[in-house]
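This report concerns only the one structure given below.
Please read all numbers here as calculations on a predicted model, not as lab measurements. One-based numbering along the sequence shown.
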Amino acid sequence: MAPAHSVGQAFFPLDEQLGLLAAGVTPRAEETLVRLASWMPFASAQELLQDLLGVRVSKATARRATLATGEAALSVCEREEERLKQEAPPAPGGADKQALSGDGAMVHLVGGEWVEVKTLALGEVTRDTRGEVCTQHLSYFSRLSDAASFEEAALVETHRRGLERASEVCAVQDGAPWLQGLVDYQRADAVRILDFAHAAEYINEIGQAVQAAGGRLPRKWLEGLLHRLKHQGPQRVLKHLVWLAARYPSPLIQEKLAYLQKREAHMQYPSYQQAGWPIGSGSVESANKLVVEARLKGAGMRWERQHVNPMLVLRNAVCNRRWHETWAAAVTQRQVLRVSRRQADSQQRLTRAFWTLVFCGARLSRLTHPPVVATQPPAAASPQPPVRRLGAGYSWRQPFLRRPASPSARAGEAGAKK
């Protein structure tokens, strides 16, 4: 390995594989840079690369290389999504008992807007050494998109995990409408479970509203109610909450109670536990922190909207332990794009050269073959109208101004006429 002072004195703008780093930076250094930037801010990745490999690049170069790799990997995922929707190939084998959970996390964009990044967590449901239900071998899929687009895009990960071939599937999540649509699209027959912590939060808010209205509740009221909900089901719990809502009427209490009543069928926790299903969505909540917030929600971070999904693809790759596959696919995709771009540029140059030759040929033809002006016989002179000759009595010496006659002359002239 070369020392830092020998190779770290120059910045490298372009690379042979990705077209972003100089040929002096090896593919291993380039891959290391992008992988580091997937875990930490670009400036930190730049510094750590120099410490590890003695290669110095600028922060802008680290950012450019990382986003370009993410865009290529995103293009691969989108192409795979289209293939799965068109061909509908059979899914590979996976675990017989699987769980899926969805949730959202907020990311700050340039300009001050906050947007929700949706994440899907998939895992195998099993029991640990103590016999407790747990979810293992987790993988994640995250995107900044609307609910309908996310349902289709997540097909890439659910297909890879063999979700459609699993004999049993459960969906543990909160009651957001878009999550129900996600389950309908991926596995409509999944056992739907309202996250126990989410239900407990609504019950706690009802208790706080009752106390704010002047009601008095036992000290262990919440603890006892949650124990009954977990081991006996929601029937008696909802009946008690209805009694509280009638005694302490409040719009907030009615809203929270209606939410729980609507999801009573998804709160059958005793039967879920007996069937070996998890009743908490901690896997996807931890995924929000691990996949999204750890990299995209740092202090002072603002992201361009078009850069969020490329970063999420790389975050999924490192968190799913599929970095090498993602890197190889991204490199291949960029090579394909470079070839197609070169072909398009070449075709454009050929087209421009063709029309240039056509234009020059037309100019040359006009210069070597001047246009012949057709000669026309002179037109016969039209006969001029005869000049009218003046009468013999016309006087050329008539004065220009004639002095008016005197009154005596006019009188004598008038007598002569008579």
Side chain to side chain contact (heavy atoms under 4.5 Å, CB included) between L225 and L241: does it pass, once the steps are laid out?
CA-CA 10 Å; L225 212 60; L241 295 178; 4.0 Å; yes

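- Checking side-chain atoms of R187 against main-chain N and O of L163 turns up a donor-acceptor pair under 3.5 Å.
- Rounding to the nearest 0.5 Å gives a distance of 10.0 Å between NZ of K256 and CD of Q208.
- One N or O on the side chain of R165 and one on the backbone of A91 form a donor-acceptor pair closer than 3.5 Å.
- Checking side-chain atoms of R305 against main-chain N and O of V115 turns up no donor-acceptor pair under 3.5 Å.
- Salt-bridge annotation for R192 and D184: present, with a side-chain N of the basic residue lying under 4.0 Å from a carboxylate O of the acidic one.
- In this structure, Q98 contributes its side chain and A95 its backbone to a donor-acceptor pair below 3.5 Å.
- In this structure, W355 places its CH2 atom where only 12 or fewer heavy-atom neighbours from other residues, nucleotides or ligands lie under 6.0 Å away.
- For H227, the ring pair (Phe, Tyr, Trp, His ring centres under 6.0 Å) test picks out H231, with sequence neighbours left out.
- Under 4.0 Å is where a charged nitrogen must lie from a carboxylate oxygen, and between E87 and R83 at least one such pair does.
- In the model, Q333 has a side-chain atom that pairs as donor or acceptor with a side-chain atom of S75 under 3.5 Å.
- One finds the CE atom of M311 at 13.5 Å from the CG atom of L144 (value rounded to the nearest 0.5 Å).
- With hydrogens and angles left out, the side-chain atoms of Q173 and S281 include no donor and acceptor closer than 3.5 Å.
- Defined by atom type and a distance below 3.5 Å, a donor-acceptor pair is missing between the side-chain atoms of E168 and W277.
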Pair M40-L48, side chain to side chain contact (heavy atoms under 4.5 Å, CB included): steps then yes or no
CA-CA 10 Å; M40 61 188 66; L48 189 55; 3.8 Å; yes

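- Counting heavy-atom neighbours within 6.0 Å of Q274 CD, excluding the residue itself, gives a total of 12 or less.
- How far CD of E201 is from CD1 of I206: 11.5 Å, rounded to the nearest 0.5 Å.
- A donor-acceptor pair is defined here as one N or O able to donate and one able to accept, closer than 3.5 Å; no such pair exists between the side chain of R302 and the backbone of L109.
- Under the 3.5 Å distance criterion, with hydrogens and angles disregarded, a donor-acceptor pair is assigned to the side chains of T119 and S142.
- Looking only at distances, no side-chain donor or acceptor of W303 sits under 3.5 Å from a matching main-chain atom of V107.
- A donor-acceptor pair under 3.5 Å links the side-chain atoms of S167 to the main chain of D96, judged by distance alone.
- Side-chain atoms of Y259 come within 3.5 Å of backbone N or O of G175 as a donor-acceptor pair.
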CA sep, side-chain torsions, deciding dist, call: Q186, T158, side chain to side chain donor-acceptor pair (under 3.5 Å)
CA-CA 8 Å; Q186 300 294 343; T158 58; 2.9 Å; yes

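- Residues S139 and R161 bring a donor and an acceptor atom of their side chains to less than 3.5 Å of each other.
- No donor-acceptor pair under 3.5 Å is formed between the side chain of N204 and the backbone N or O of A200.
- From D146, atom CG reaches atom CD of E152 across 9.0 Å, with rounding to the nearest 0.5 Å.
- Here the two rings, on Y272 and H266, have centers that are 6.0 Å apart or farther.
- Contact check on K85 versus E81 returns a salt bridge, with a Lys/Arg side-chain nitrogen under 4.0 Å from an Asp/Glu carboxylate oxygen.
- Between R160 and E157 there is a salt bridge, since at least one side-chain N of the basic residue sits less than 4.0 Å from a carboxylate O of the acidic one.
- Checking side-chain atoms of R263 against main-chain N and O of L194 turns up no donor-acceptor pair under 3.5 Å.
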